[in-house]
Amino acid sequence: MNLFQKFKETLSSVVPIMAVVLVLGLTIAPLGVGLIVRFLIGGVLVILGLTVFLLGVDIGILPIGERSGAALTAKKNLQLLLGVSFVIGVMVTIAEPDVQVLADQIRGVAPSVNKWALIIMIAAGVGLFVMIGLLRTVLSLKLKWVLIIAYALLFTLAFLCPAEFQGVAFDAGGATTGPMTVPFIMALGVGVAAVRSKGNAQADSQNGQNDASFGLTGIASVGPVVSVCVYGIILQLSGAPSDTQAEQAVVHTAETAGIATHGLGLNVFVNILPNVLKEVSLALLPLVLMFIVFQLFLLKMPPVQVNRMIKGVVYSFVGLVMFLIGVNGGFMPAGQQLGHVLGAHASQAGGVWTVLLVAVGFVFGAIVVCAEPAVWVLTEQVENVSGGTIKRKVMLAALSMGVALSIGLSMLRVLYGFSLWYLLVPGYLIALLLTFFCPAMFTGIAFDSGGVASGPMTSTFILSFTLGAAVAGGGNPVTDAFGVIALVAMTPLIAIQILGIIFEFKNQKAAELKKIHAEVK
């Protein structure tokens with residue numbers, strides 16, 4: 001895909017958010033000239049950075065994943081496949097921009113958390129569950145049983161870990177499946193599915209289990225939740241600082257989010273450049289080392305292809321630097337300040353302001369999911385798979401309403417402080433129950449798409465907005481704000497499976513009518 005196409009996708013993802021923020025920031029929730037200018041500059045950097053980054057992923061990084069999957073497939077060595085897939089899962093997750101942003105936000109609100117320890121735990125979780133997902137594909141295990149067992153483990157660990165880590169853990173699952181991680185995982189999944197014998201593939205088709213190419217991303221997204229819960233339990237046992245200290249850090253962070261609201265404060269972007277360069281270098285270095293090792297011992301590509309991949313990695317580096325500078329310098333501070341202003345009015349005055357905060361969250365949800373480029377790819381995929389029975393517009397409407405409702409409920413949770421479990425437990429129970437009635441292929445697509453809706457805009461702006469509102473509401477932002485990405489990621493699990501059941505019902509009706517017509521003739 002060319003640069004202009006990438007630019008159009010990114011533009012459609014970011015501009016709607018910027019338009020809503022500008023309208024609110026210049027009217028009912030004034031942000032100040034300085035912060036608005038910073039937000040506009042940050043928005044431009046986010047658009048350009050994400051465009052260049054995605055181009056680099058396409059021409060340099062995604063081919064590494066595809067060629068590695070093909071080369072490992074050719075080896076037909078299960079131990080090698082699983083071992084290398086673990087390494088790939090770890091490396092690409094460390095380089096994932098959404099994970100970098102989430103880790104920065106967590107570090108800002110929880111002083112006991114070491115950013116790189118958290119990232120490594122998340123990456124290890126992804127790598128482990130990528131292995132499990134590939135093993136599921138090779139052994140032709142039913143996806144629904146793997147998911148049920150995985151989520152049983154997940155919720156057990158989540159109940160055992162400290163309350164301030166529960167929302168963070170589920171958010172990590174949504175944030176991990178971003179523009180860097182998903183292409184690698186999908187490439188591996190498709191490659192391993194192709195390894196399976198023809199006889200197995202035919203048997204799966206006869207049993208209605210044509211889901212070999214779907215579900216790996218959904219399984220992989222369980223890993224970060226499990227690993228962050230384990231990390232929280234370890235910190236609790238080691239006597240880490242309390243959540244009261246963390247809350248004080250959040251308040252301080254939120255107060256400083258509005259720095260330079262009266263001046264231009266453009267030096268903020270320059271000041272954060274050295275740290276961003278360091279962070280991005282550390283994030284991409286393991287991926288580069290992995291590529292070198294793979295090239296020497298596995299891929300052995302000609303110089304022309306190597307040069308193209310080097311160019312792609314350079315593009316990814318430059319794009320990621322621009323993206324993170326834009327996010328940290330203008331995008332997140334404006335989102336946090338906007339949430340703080342609306343949240344303060346809602347907590348103090350209530351009434352109309354409460355409705356307004358929930359309504360703004362609802363609008364952001366509808367905009368975010370429709371603006372994500374990956375959502376458009378997903379809806380097109382489902383429309384093609386269903387033979388046009390399930391229209392893209394229907395899917396977009398279902399996802400839009402679901403995500404809008406998720407963020408609206410998150411705003412209510414911020415104001416009234418009710419537990420995240422009241423939403424997650426029923427939601428995931430419904431999603432897992434639907435696996436018994438939904439065609440296996442749609443179950444795979446649904447769980448793969450859980451991270452699609454929670455893209456860069458959710459991980460950056462929406463979470464910052466929720467944090468700002470939580471601070472203003474006077475509760476504990478660590479427990480009240482984190483979890484919003486998890487709710488966004490949960491919606492497609494239900495929406496797409498319901499559409500899959502409708503698709504199956506329509507197919508059965510069509511088959512019955514065809515049979516009746518045949519008998520009449």
Side-chain angles (χ1 to χ4, degrees), residues 57 60-96 99 119-143 146-147 149-150 153-154 172-173 176-197 200-201 211-227 230 283-301 309 313 444 447-448 450-451:
V57 168
I61 292 178
L62 179 55
I64 298 174
E66 292 174 344
R67 291 177 182 276
S68 299
L72 290 168
T73 298
K75 296 287 185 183
K76 294 187 178 180
N77 184 322
L78 182 60
Q79 289 79 9
L80 179 65
L81 172 66
L82 296 180
V84 174
S85 66
F86 174 81
V87 174
I88 290 175
V90 170
M91 297 304 186
V92 297
T93 303
I94 290 173
E96 177 62 62
V99 173
I119 289 176
I120 290 170
M121 285 293 291
I122 291 173
V126 173
L128 177 62
F129 275 77
V130 165
M131 284 176 56
I132 293 172
L134 291 179
L135 190 61
R136 192 279 304 186
T137 303
V138 171
L139 299 179
S140 302
L141 301 176
K142 287 188 177 181
L143 177 62
V146 176
L147 289 170
I149 293 170
L153 171 65
L154 182 156
T176 300
T177 47
M180 175 73 85
T181 311
V182 170
F184 262 86
I185 292 176
M186 290 184 69
L188 282 172
V190 170
V192 174
V195 169
R196 301 170 64 194
S197 68
N200 282 344
D211 64 335
S213 298
F214 300 110
L216 180 57
T217 305
I219 294 172
S221 66
V222 176
V225 188
V226 169
S227 60
V230 171
L284 289 181
L285 181 60
L287 196 64
V288 172
L289 294 175
M290 182 185 75
F291 169 61
I292 293 171
V293 173
F294 280 14
Q295 169 61 18
L296 292 175
F297 299 103
L298 187 66
L299 302 178
K300 298 178 181 178
M301 295 179 296
M309 291 186 181
V313 171
F447 279 84
D448 278 354

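The basis for the numbers below is simple: all heavy atoms, side chains too, and nothing from hydrogens, waters or symmetry mates.
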Could you go through residues 285-297 and list every donor-acceptor pair under 3.5 Å that involves a side-chain atom there, pairing it with any protein atom two or more places apart or in another chain?
residue: Q295; atom: OE1; partner: M301; partner atom: N; Å: 3.0
residue: Q295; atom: NE2; partner: M301; partner atom: O; Å: 3.0

Report all side-chain donor-acceptor pairs from residues 79-89 shorter than 3.5 Å, counting only partners two or more places apart or in another chain.
residue: S85; atom: OG; partner: L81; partner atom: O; Å: 3.1
residue: S85; atom: OG; partner: L82; partner atom: O; Å: 2.7

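Between the side chain of S227 and the backbone N or O of M121 there is at least one donor-acceptor pair closer than 3.5 Å.
Closest non-hydrogen pair, A220 versus F129, comes out as CA-CB, 3.9 Å. In terms of heavy atoms, L284 sits closest to A95 at CD2-CB, 3.7 Å. Considering all non-hydrogen atoms of both residues, I94 and A123 come closest at CG1-CB, 3.8 Å. For the residue pair A172 and I122, the shortest heavy atom distance occurs at CB-CD1, 4.0 Å.
Annotation: side chain of E96 is not in contact with side chain of T176 (no heavy-atom distance under 4.5 Å). By the 4.5 Å heavy-atom criterion applied to side chains, L153 and I149 are not counted as neighbours.
With L141 as the partner, the side chain to side chain contact (heavy atoms under 4.5 Å, CB included) test is satisfied by one option alone out of V146, I132, L135: V146.
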Quick one, F447 with L143, criterion side-chain contact (heavy atoms from CB on, under 4.5 Å). Give me CA distance, side-chain angles, the key distance, then yes/no. CA-CA 10 Å; F447 279 84; L143 177 62; 5.6 Å; no
